[in-house]
Amino acid sequence: VAVTAEPGTGKTTLLRRLINDSADRIDYIFIGVNARMSFIGLLREILEETGISSISTDRESLLEQLDDYLQERRAEDRGVALVFDEAQAISDEVLKELPLLCSSEGKGLMSIVLAGQPGLQGRLALLKSLKQRMTLTKRLTPLRKNDVAPYIALRLDKVGYQGEELFEPQAIERIADSSGGIPRLINALCDSALLRAYRASEYKVTAKMIDQVANELRLGGRLASMDQRSPAE
């Protein structure tokens, strides 16, 4: 499975939710990627994450140890999924070798989830052996303009806020435009604007405050909102 999105759209949050919701039946091996990681290094890290200590640097030996682990989990009726966050950093060498981990003698003992930035999709499309094993590819999109206000309201509810609206309608419009609908940027704008309002002893966030904060964060309509994009985009 491949999930791609702009930074800050929620890939890691989605992965954490996936793991939390299904950890009772699936063992997840979460791998933080760096561009220097070799396939041997990846195998060693996978084994380390599963609690298997190995001093071997032999590829076949490491694959054999991993296969033994997968067979044990299968015997206990547990799935195993290897999850890569920031997968766009994986080297071409490692990407080409990933099909070796997808199955053991065709039995499909391990699933792989690749989460990364949009450029990852193009790289995967060029790797025939990996592309043939892809069962699902998904592009996460920023929030649409009319979803920004409910998102902000949900965040306020989660921290226990009760009271009048904190953000004027025009402020929310500015937030939607400046953030491009990316949750991480919405959060940053709201946090900074609330602090600015507090310091000024104001009880509402205005459009002017959002403009000032957006300027400080160097956001000026960073991305076109989803409402303005073509279906292809």
Side-chain angles (χ1 to χ4, degrees), residues 2-21 30 32-35 83-90 113-122 137-233:
V3 180
T4 59
E6 295 286 345
T9 309
K11 298 183 298 296
T12 303
T13 301
L14 184 64
L15 292 178
R16 297 292 184 188
R17 177 64 183 268
L18 168 69
I19 293 170
N20 289 338
D21 285 355
F30 203 84
V33 177
N34 68 73
V83 180
F84 292 91
D85 198 11
E86 300 300 337
Q88 74 280 350
I90 301 176
V113 180
L114 299 165
Q117 294 177 21
L120 176 65
Q121 281 187 332
T137 58
K138 179 67 177 176
R139 174 76 178 269
L140 299 184
T141 56
L143 298 178
R144 293 181 180 275
K145 202 164 188 175
N146 59 3
D147 290 327
V148 173
Y151 172 75
I152 293 172
L154 177 67
R155 296 281 303 200
L156 289 170
D157 180 67
K158 288 293 184 184
V159 297
Y161 177 73
Q162 295 178 340
E164 296 182 7
E165 296 291 336
L166 287 178
F167 293 83
E168 292 183 349
Q170 294 86 351
I172 291 179
E173 286 184 16
R174 294 283 206 284
I175 292 169
D177 290 338
S178 297
S179 68
I182 292 180
R184 183 183 296 164
L185 297 182
I186 295 172
N187 297 347
L189 285 164
C190 290
D191 286 346
S192 296
L194 286 168
L195 183 59
R196 180 178 287 270
Y198 167 73
R199 286 174 173 167
S201 297
E202 298 288 345
Y203 292 90
K204 281 187 181 291
V205 173
T206 65
K208 182 179 179 180
M209 290 178 188
I210 296 300
D211 289 341
Q212 291 170 338
V213 168
N215 185 56
E216 289 172 0
L217 297 175
R218 299 184 179 180
L219 302 174
R222 181 181 176 276
L223 294 170
S225 71
M226 282 301 298
D227 309 70
Q228 299 171 311
R229 296 180 192 179
S230 69
E233 290 176 308

Beyond-backbone contact of [X] with [Y], side-chain heavy atoms, under 4.5 angstrom:
| X | Y | result |
| --- | --- | --- |
| Thr13 | Arg17 | no |
| Glu86 | Asn34 | no |
| Glu6 | Arg139 | yes |
| Val3 | Leu15 | no |
| Tyr151 | Asn187 | yes |
| Leu156 | Ile152 | yes |

- Message: Other residues, nucleotides and ligands only: do more than 12 of their heavy atoms fall within 6.0 Å of NZ on Lys204?
- Response: yes
- Sequence neighbours excluded, the answer for side chain to side chain contact (heavy atoms under 4.5 Å, CB included) partners of Tyr203 is none
- Just jot down the side chain to side chain contact (heavy atoms under 4.5 Å, CB included) partners of Ala5, sequence neighbours excluded, or say none. Thr9, Lys11, Leu140
Nearest non-hydrogen partners of [X] and [Y], listed with the distance:
| X | Y | value |
| --- | --- | --- |
| Thr4 | Pro118 | CB-CA, 4.1 Å |
| Val205 | Ala197 | CG2-CB, 4.3 Å |
| Gly180 | Pro142 | O-CB, 3.2 Å |

- Message: Just verifying a value: how many Å separate Ser178 OG and Ile210 CD1, rounded to the nearest 0.5 Å?
- Response: 7.5 Å
- Message: Rounded to the nearest 0.5 Å, what separates atom CD1 in Ile186 from atom CG in Asp191?
- Response: 11.5 Å
- Query: Under 3.5 Å, is there a donor-acceptor pair between the side chain of Asn20 and the main chain of Arg16?
  - Reply: yes
- Please check if the side chain of Gln88 supplies one atom and the backbone of Gln117 the other of a donor-acceptor pair under 3.5 Å. yes
- Message: Go through it in stages, so that I can follow the logic: the residues are Arg155 and Val159, the test is side chain to side chain contact (heavy atoms under 4.5 Å, CB included), and I'd like the CA-CA distance, side-chain angles, deciding distance and then a yes or no.
- Response: CA-CA 7 Å; Arg155 296 281 303 200; Val159 297; over 6 Å; no
Could you pull out all donor-acceptor pairs under 3.5 Å where a side-chain atom in residues 162-169 meets a protein atom, sequence neighbours excluded?
none

